[in-house]
A.B. asks: 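Starting off with a structure, shown below.
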Amino acid sequence: MREEQAAAQAHAVSLEARRRAVISGVQAVDSFNEQMVTLITGEGALTILGDNLHVSHLTLEDGRLLVEGDISALEYDAAPRRRSLWARLTR
């Protein structure tokens, strides 16, 4: 069971043609709109910037997220962020 949880929390990012990002190790989604998706991973906060962004698939049990749209940047925060109130309440 612990091995499954560790595998689910391993963080990786796969970017396909700047149109599709598959992220693993996602712990929570802080916020999202058509220009920005902010999420918390095992490696800290990750912000995806672009246009016409939408979350196509999210499974927090597996820690997987799929974002599609015109992706222009992926940015990690220098310091890990605290989880949002909503993320802490829905644990």
A.B. asks: His54: what forms a ring pair (Phe, Tyr, Trp, His ring centres under 6.0 Å) with it, not counting sequence neighbours?
C.D. replies: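 Ring pair (Phe, Tyr, Trp, His ring centres under 6.0 Å) check on His54 returns nothing, list empty.
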A.B. asks: Considering non-hydrogen atoms only, spot the tightest contact between Ser24 and Arg64 and give its length.
C.D. replies: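 That would be CB-NH1, 4.2 Å.
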A.B. asks: Could you tell me which residues satisfy side-chain contact (heavy atoms from CB on, under 4.5 Å) with Glu34, sequence neighbours excluded, listed by chain and number?
C.D. replies: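 Scan of Glu34 (side-chain contact (heavy atoms from CB on, under 4.5 Å), adjacent residues dropped) gives Asn52.
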A.B. asks: Do Leu53 and Leu15 sit in the same hydrophobic cluster, where Ile, Leu, Val, Met, Phe, Trp and Tyr count as joined when their side-chain heavy atoms come under 4.5 Å apart?
C.D. replies: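 Same cluster.
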A.B. asks: What distance do Ile40 atom CD1 and Thr38 atom OG1 have between them, rounded to the nearest 0.5 Å?
C.D. replies: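 That separation rounds to 8.0 Å.
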A.B. asks: Taking all heavy atoms of Gln27 and all of Leu60, pick out the closest pair and write down the distance.
C.D. replies: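 Scanning both residues completely, I find the closest heavy atoms to be O-CD2, 3.8 Å.
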A.B. asks: Check side-chain contact (heavy atoms from CB on, under 4.5 Å) between Arg20 and all other residues, then give those that pass, not counting sequence neighbours.
C.D. replies: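 side-chain contact (heavy atoms from CB on, under 4.5 Å) list for Arg20, sorted by chain: Glu16, Val22, Leu66, Glu68.
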A.B. asks: For Ser31, which residues count as a side chain to side chain donor-acceptor pair (under 3.5 Å) partner, sequence neighbours excluded?
C.D. replies: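 Applying side chain to side chain donor-acceptor pair (under 3.5 Å) to Ser31 gives none.
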A.B. asks: Measure across His11 and Leu46 and return the closest heavy-atom pair with its distance rounded to 0.1 Å.
C.D. replies: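 Minimum heavy-atom separation between His11 and Leu46: CE1-CD2, 4.4 Å.
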A.B. asks: Any side-chain heavy atom of Ile23 within less than 4.5 Å of one from Leu39?
C.D. replies: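 They are in side-chain contact.
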A.B. asks: Which residues pass the side chain to side chain donor-acceptor pair (under 3.5 Å) test with Arg19, sequence neighbours left out?
C.D. replies: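 Per chain and number, Arg19 pairs via side chain to side chain donor-acceptor pair (under 3.5 Å) with Asp70.
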A.B. asks: Which one of Leu74, Ile48, Thr41, Leu65 satisfies the side chain to side chain contact (heavy atoms under 4.5 Å, CB included) criterion with Val13?
C.D. replies: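 The side chain to side chain contact (heavy atoms under 4.5 Å, CB included) with Val13 is passed solely by Leu74 among Leu74, Ile48, Thr41, Leu65.
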